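Report on the following structure.
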Amino acid sequence: MTPTHQERIALNLAEIRQRMAAAAARSGRSAESVSLVAVTKYVELDKIRALVAAGVTLLGESRPQQLWQRAELLADLPVRWHLIGHLQRNKVRRTLDLVDMIHSVDTLELLQAANRIAEEMAAAATGTRPRVRVLLEVNTSGEAAKHGFDPQTLPAVIDQLPKMPQVEVRGLMCMAGLEGGPQRARGDFLALRELRDRLAARLPDGVLLSELSMGMSGDYEVAIEEGATLVRIGSALFEGTDA
């Protein structure tokens, strides 16, 4: 990758961080209250290395298989991996040791599988293993093609969490509707925050909903204004580096 591309990534990152900070200020929060998860799918390894050199340490992948591969190829980098895409139960075991957080837990069965496999791994470990940190994906847009819990069913899922001691639920995640632009997205993000606030009044011990993962390259500022603590940004970071 040319020095120009490295500089372009650094400039993109600086602009995004500035816009993130401004959006946080508009919502009465500090810039430090929002973390950037850089989405690296379809991105060449040298560009990922340039991004890490610019100071980004949270990397997100949508496909478990690609996360496995890149975690191995970039094992020398000081990064933490987040899985942000759909996870099938047969891919849980290999994924758990590689990720800092899974954003996309979207069924009770997947939660139960993660807990069971984490218990098995803990029993086989020589030391103490950390619990699996997850977010619950919610389909706030109501689109049939999207994964995620129905908001109406989530309280019953929350009630089941004490039975899964190896799973540490840290918050909620959503994806905005495909149509309607940032203003449509704002409604989806607002719905997730309001759902979190309602659930917060009745959480079991040990369950946190402090994180809200919402917003991507086209709508992350709106997401931050509505309370996002994690924004998943990909294409905006690498704009201008394809030439």
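Because only heavy atoms are used, hydrogens play no part in the values below, and waters and symmetry mates are left out as well, while side chains stay in. The structure presented is a predicted model; accordingly, all values stated were derived computationally and were not measured.
- At distances below 3.5 Å, not a single donor-acceptor pair connects side-chain atoms of Lys47 with backbone N or O atoms of Phe238.
- Under the 3.5 Å distance criterion, with hydrogens and angles disregarded, no donor-acceptor pair is assigned to the side chains of Arg80 and Thr57.
- Open room surrounds CD on Gln18; 12 or fewer heavy atoms of other groups in view lie less than 6.0 Å from it.
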Would you check, one step at a time, whether the test side chain to side chain contact (heavy atoms under 4.5 Å, CB included) holds for Ile16 with Tyr220? CA-CA 9 Å; Ile16 288 168; Tyr220 67 89; 3.8 Å; yes
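- The pair Glu225-Arg186 counts as a salt bridge, with a side-chain nitrogen and a carboxylate oxygen less than 4.0 angstrom apart.
- To the nearest 0.5 Å, the span separating CG on Leu58 from CD1 on Ile84 amounts to 11.5 Å.
- A distance of 8.0 Å separates CG of Leu212 from CG of Asp197, quoted to the nearest 0.5 Å.
- Under the 3.5 Å distance criterion, the side-chain polar atoms of Asn115 are left unmatched by any main-chain donor or acceptor of Gln112.
- Thr229 and Glu211 are linked by a side-chain donor-acceptor pair at a separation below 3.5 angstrom, with hydrogens and angles left out of the test.
- Applying side-chain contact (heavy atoms from CB on, under 4.5 Å) to Leu172 and the options Thr140, Leu154, Leu135 leaves one that passes, Leu154.
- The shortest heavy-atom contact between Met121 and Asp97 is CE-OD2, 3.4 Å.
- With no hydrogens or angles considered, no side-chain donor-acceptor pair links His147 and Asn139 at under 3.5 Å.
- Atom CG in Leu36 sits 9.5 Å away from atom CG in Leu230 (nearest 0.5 Å).
- Under the 4.0 Å criterion applied to side-chain N and carboxylate O atoms, Arg193 and Asp188 are not assigned as salt-bridge partners.
- Side-chain N or O atoms of Thr40 include none that pairs as donor or acceptor with a backbone N or O of Val43 at under 3.5 Å.
- Taking 4.0 Å as the cut-off between side-chain N and carboxylate O, Glu239 and Arg8 do not count as a salt-bridged pair.
- Side chain of Arg196 to backbone of Leu209: a donor-acceptor contact under 3.5 angstrom is found.
- Side-chain heavy atoms closer than 4.5 Å link hydrophobic residues (I, L, V, M, F, W, Y) into clusters, and following such links, possibly through other members, connects Val52 to Leu67.
- The backbone N or O of Lys91 lies less than 3.5 Å from a partner atom in the side chain of Thr95, making a donor-acceptor pair.
- If you check the side chains of Ser213 and His103, you find a donor sitting under 3.5 Å from an acceptor.
- Nearest heavy-atom pair across Glu119 and Pro165 is OE2-CG, 3.9 Å.
- Here the rule is salt bridge (charged side-chain N to carboxylate O under 4.0 Å, His left out) with Glu61, and of Arg70, Arg232, Lys41 only Arg70 fits it.
- Under a 3.5 Å cut-off, the side chain of Arg170 and the backbone N or O of Arg133 do not form any donor-acceptor pair.
- Remark: Leu11 CG to Thr4 OG1 distance equals 10.5 Å, nearest 0.5 Å.
- Using a cut-off of 4.0 Å between Lys/Arg side-chain N and Asp/Glu carboxylate O, Asp106 and Lys146 are scored as not salt-bridged.
- Ala113 pairs by the side-chain contact (heavy atoms from CB on, under 4.5 Å) definition with Arg89, Arg116, not counting sequence neighbours.
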